[in-house]
Amino acid sequence: MVELRLHNSLTRRKEIFRPIDPEHVRMYVCGPTVYDLAHIGNARPVVVFDVMARLLRLLYPRVTYVRNVTDVDDKINNRARASGESIASVTARTLADYHADIAALGNLAPDVEPRATAHIAEMVMIIERLIASGHAYAAEGHVMFSVPSFAEYGNFSGRSPDELLAGARVDVAPYKRDAGDFVLWKPSSEDLPGWDSPWGRGRPGWHIECSAMSWRHLGESFDIHGGGTDLIFPHHENEIAQSVCAFPGSRFANYWVHNGMLVINGEKMSKSLGNFFTIREVLDKVPAEAARLLLIKSHYRGLLDFSDAALVEARKELDRFYRALERTKPGAAPIPASVLDALCDDLNTPLALSAMHALADAAMAGDAAAASGLRAAGAVLGLLQADPLAWFQGEGDDAAAIEAAIAERIAARKSRDFARADAIRKALTDQGILLEDNATGTTWRRA
RNA sequence: GGUCCGGUGGCAGAGUGGUGAUGCAGCGGACUGCAAAUCCGCGAAUGUGGGUUCGAUUCCCGCCCGGACCUCCA
């Protein structure tokens, strides 16, 4: 079997992937906090790990892909308070929108999509274990993780506790024993979501949910943990601290895979900066598949510059792929080695795409095996599964009118009335309809 | 300031210690009534200064530039 190699943030190098159980690969990816529409930056990890999951399923007999939903969070509370909408309504509506948006981008559902609010008991259990082993302490209704109790704290993100203190930009709460300590549990007033706990009515801190949900669904140690690079600190550093301390001897995640940020005009796209496009804004401009292709046209660890020009280019690239599949009909086939090799080298999607262009060239020339391989390759990337005709002609109820105009133009051409023929084409072009004359007749597509 | 990542043709974007993929755009040609699509061909790049080496875009060091993180973030 082909060896899969992944860049592991733990070691900062590419390593051969060796699952704990080769019969069952387990992957956890940090999912959305459901307080607002997802932006295209949020879509990058979803697409990257969707491709990862598809690849793993190709390589291993069983894969469990867990992607959580954070449905208890102060951003949600603030959003609900600001709009007057109930918290339950905000989270339910936002989650439904999220599902619709990422499905439109061609992502398969994860195997498990746990919600934080359904795992409070697991969180409480982990917190109790941390307190019992001296890694956490209760103070003023809060429970804090004691950073000095974990000697390896900071190793993962490459930080020393001193550096963290030097850079701290928050006020140190009085109930903290150490400035680096972080919240596991905090008290909730009556107007905020809360659960009864040994420390009073309260709600979880941000990081504990991932430790709880990954443990519940994947066990104390699992294979891959994914997320954006901006989560390395503090989120993932804290997850490791919590999980390793709560389950001594466990390794938590063996391979940490982080996607790079998406930038717009050189600056990170983020909600706090306000320079973001929602997924649906993007989908209003181009076919979803073009947006998906753009997201995997660059390697997942690098910065990705997202622009309208790049979207247009991605669409043109898909035009060529679909043109090849239109010329030569694909059948069932395994993924070509050139594409698989590229993907197995740390998910090198750009290299895989270049191999697919070679297949498209061959398919264009009539090579049926190449066409089949191209489509099979597309399946692993979540691309090229549409009918080529649907790709070129898309949605619309004007097909009959277009066909009628084409018939009229054919008649004009037959009588060598080229002025009339060109006028008809011009009229269609102005509607965004491009005509193509070829040996078998005239076809059309949308610009 | 600290830590980390990166700088490749007009743009996007891979790989590589030994004459630099791929895509988009551009240019020339074929085909076409004209186009489109397709095909053939062309031009065009490794931030900067050192070091190691027979040879560096690749490895090492300095510098410049950009970005991320430094307790909201994907």
Side-chain angles (χ1 to χ4, degrees), chain A residues 9 12 29-33 35 38-49 73-75 78 147 154 157-160 162-172 179-183 205-207 226-235 237-238 258-263 266-273 276 293-294 297-299 301-305 307 309-310 312-317 319-321 323-324 326-327 342 345 348-358 360-361 364-365 392 413 416-419 421-422 425-426 429 434-438 442-445 447:
Chain A
S9 302
R12 297 203 179 91
V29 175
C30 290
T33 299
Y35 72 103
H39 61 63
I40 197 70
N42 300 124
R44 169 123 96 146
V46 178
V47 171
V48 164
F49 291 104
D73 181 275
D74 286 347
K75 286 195 291 292
N78 295 338
V147 165
S157 57
R159 289 165 165 77
S160 72
D162 293 345
E163 284 167 12
L164 296 177
L165 285 182
R169 58 185 183 189
V170 291
D171 295 332
V172 177
D181 293 351
F182 57 89
V183 175
W206 172 30
H207 317 292
T229 55
D230 55 347
L231 294 181
I232 291 173
F233 188 87
H235 186 51
E237 184 77 59
N238 291 356
H258 289 100
N259 63 277
M261 295 295 99
L262 193 143
V263 299
E267 197 170 39
K268 183 171 84 158
M269 181 185 291
S270 76
K271 288 186 177 171
S272 49
L273 289 174
F276 62 91
L293 174 58
L294 177 52
K297 271 186 63 168
S298 31
H299 184 81
R301 282 194 291 117
L303 242 41
L304 166 55
D305 209 336
S307 68
V312 169
E313 186 179 321
R315 186 184 171 176
K316 287 178 178 171
E317 208 167 324
D319 279 345
R320 181 164 174 90
F321 285 139
R323 182 78 64 182
E326 185 178 51
R327 289 263 175 108
D345 186 7
N348 193 335
T349 51
L351 192 60
L353 287 163
S354 84
M356 287 166 67
H357 277 290
D361 292 346
M364 201 76 83
F392 287 116
R413 290 179 72 207
R416 303 198 64 79
D417 182 357
F418 295 122
D422 288 349
R425 170 155 60 204
K426 174 73 164 54
T429 300
L434 301 183
L435 299 188
E436 298 178 349
D437 298 327
N438 51 53
T442 298
T443 57
W444 63 277
R445 64 186 167 101

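Protein chains get the first letters and strands the later ones, always in sequence-line order, with residue 1 at the start of each. FYI, side chains are in, hydrogens and waters are out, and symmetry mates aren't considered; it's all heavy atoms of this structure. These numbers come from a predicted model, not from an experiment.
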Inset, instruction - Indicate the ring-plane relationship of A:His207 and A:Phe182, choosing parallel, tilted or perpendicular according to the 30° and 60° boundaries. - result: perpendicular

Legend entry - Pairing residues for A:Asn348 by the side-chain hydrogen bond (donor to acceptor under 3.5 Å, both in side chains) criterion, not counting sequence neighbours: none

Inset, instruction - Convert the base pairs of RNA chain B into dot-bracket notation, remembering that pairs crossing earlier ones are written with [ ] and that bases paired across to another strand are shown as |; include only Watson-Crick or G-U pairs under 3.5 Å. - result: (((((((..(((.....[...))).(((((.......)))))....(((((..]....))))))))))))....

Inset, instruction - Indicate, with a heavy-atom threshold strictly under 4.0 Å, whether A:Leu262 touches base, sugar-phosphate, or nothing. - result: base

Legend entry - Sugar-phosphate, base or nothing in reach of A:Met356, heavy atoms under 4.0 Å: nothing

Inset, instruction - Let me know the distance between CZ of A:Arg301 and C1' of B:A68, rounded to the nearest Å. - result: 14 Å

Taking N or O atoms only and anything under 3.5 Å, show me the protein contacts with nucleotides 12-15 of chain B, one pair per line.
residue, atom, partner, partner atom, Å
B:A14, OP1, A:His299, N, 2.6
B:A14, O3', A:Asn348, ND2, 3.2
B:G15, OP1, A:Asn348, ND2, 3.4

Inset, instruction - For residues A:Ser298 and A:Pro350, report the shortest heavy-atom separation together with the two atoms involved. - result: C-CG, 3.6 Å

Inset, instruction - Using a 4.0 Å heavy-atom cut-off, write out nucleotides 27-43 of chain B from 5' to 3' as B (base contacted by protein), S (sugar-phosphate only) or - (no contact). - result: ------BBBBSSS----

Inset, instruction - Write down the distance between NE2 (A:His235) and C1' (B:C70), rounded to a whole number of angstrom. - result: 17 Å

Legend entry - Partner residues of A:Arg320 under the side-chain hydrogen bond (donor to acceptor under 3.5 Å, both in side chains) criterion, sequence neighbours left out: A:Asp361

Legend entry - Rounded distance (Å) that lies between atom P of B:A74 and atom CG of A:Asn259: 11 Å

Inset, instruction - Spell out yes or no: do the side chain of A:Arg159 and the base of B:C69 have one donor N/O and one acceptor N/O closer than 3.5 Å? - result: yes

Legend entry - Partner residues of A:Arg323 under the salt bridge (charged side-chain N to carboxylate O under 4.0 Å, His left out) criterion, sequence neighbours left out: A:Glu326, A:Glu436

